Amino acid sequence: MNRSAQKRNRQAKERRLHNRESKSTMRTAIKNFDAAVAAGDKAAAEAALKLSCKLLDTAVSNGVVHSNTASRKKSRITLKFNKMA
């Protein structure tokens with residue numbers, strides 16, 4: 001394998017790890033939101049909703065998830081929050 005291919009492999013590995021971390025953080029925030037809604041804690045749910053939306057937007061801007069995916073997820077969690085109220 002030549003040097004440029006080795007460098008490509010290194011870069012791909014770093015990007016893959018970064019993207020995995022970003023997705024994991026995003027999913028954890030959504031799970032925390034769902035837990036707050038299930039518990040009926042409106043203040044915690046609102047904070048988790050804001051964090052989840054922020055992380056989804058960040059993931060879109062970094063190219064980790066598609067914009068339609070983020071929009072769908074944001075729409076669904078916002079509906080859950082509004083039904084709670």
Side-chain angles (χ1 to χ4, degrees):
M1 191 184 309
N2 62 12
R3 283 173 47 196
S4 61
Q6 289 172 347
K7 181 177 178 181
R8 272 277 149 225
N9 284 339
R10 283 195 310 271
Q11 288 176 326
K13 183 179 176 184
E14 288 172 17
R15 283 195 190 96
R16 194 165 44 249
L17 291 172
H18 181 263
N19 290 346
R20 189 194 305 172
E21 181 183 356
S22 180
K23 276 186 190 176
S24 176
T25 305
M26 179 184 73
R27 287 188 191 123
T28 303
I30 293 171
K31 284 179 187 173
N32 290 341
F33 168 77
D34 288 336
V37 169
D41 188 355
K42 190 169 182 181
E46 188 172 8
L49 175 68
K50 286 181 181 176
L51 178 64
S52 297
C53 289
K54 180 183 175 193
L55 290 172
L56 281 162
D57 289 336
T58 304
V60 169
S61 66
N62 291 337
V64 177
V65 293
H66 196 272
S67 59
N68 291 356
T69 303
S71 294
R72 183 179 67 245
K73 289 181 183 292
K74 284 166 60 174
S75 176
R76 287 178 182 171
I77 61 177
T78 305
L79 279 172
K80 280 184 189 177
F81 181 74
N82 290 339
K83 281 184 183 177
M84 192 180 164

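Given the structure is predicted, the values throughout are model-derived calculations rather than measurements.
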Side chain to side chain contact (heavy atoms under 4.5 Å, CB included) involving R20 - partner list, sequence neighbours excluded: L17

M1 CE to R8 CZ distance, which is reported to the nearest 0.5 Å: 13.0 Å

Nearest-0.5 Å distance that lies between atom NE2 in H18 and atom CD in E14: 11.0 Å

Side chain proximity check, K54 to K50, heavy atoms < 4.5 angstrom: no

Side chain to side chain donor-acceptor pair (under 3.5 Å) contacts in which one or both residues fall within residues 55-65, not counting sequence neighbours: D57-K74

Closest non-hydrogen atom pair, F33 against A45: CD1-O, 3.3 Å

Value rounded to 0.5 Å, distance of OG in S71 from CZ in R76: 11.5 Å

Partner of L49 by side chain to side chain contact (heavy atoms under 4.5 Å, CB included), out of N32, I77, N82: I77

Full working for side chain to side chain contact (heavy atoms under 4.5 Å, CB included) between M26 and V64: CA-CA 10 Å; M26 179 184 73; V64 177; over 6 Å; no

OG-NZ distance between S24 and K31, expressed to the nearest 0.5 angstrom: 7.5 Å

I30 CD1 to K80 NZ distance, which is reported to the nearest 0.5 Å: 9.0 Å

For A29, all residues meeting side chain to side chain contact (heavy atoms under 4.5 Å, CB included), sequence neighbours excluded: L51, S52, L55

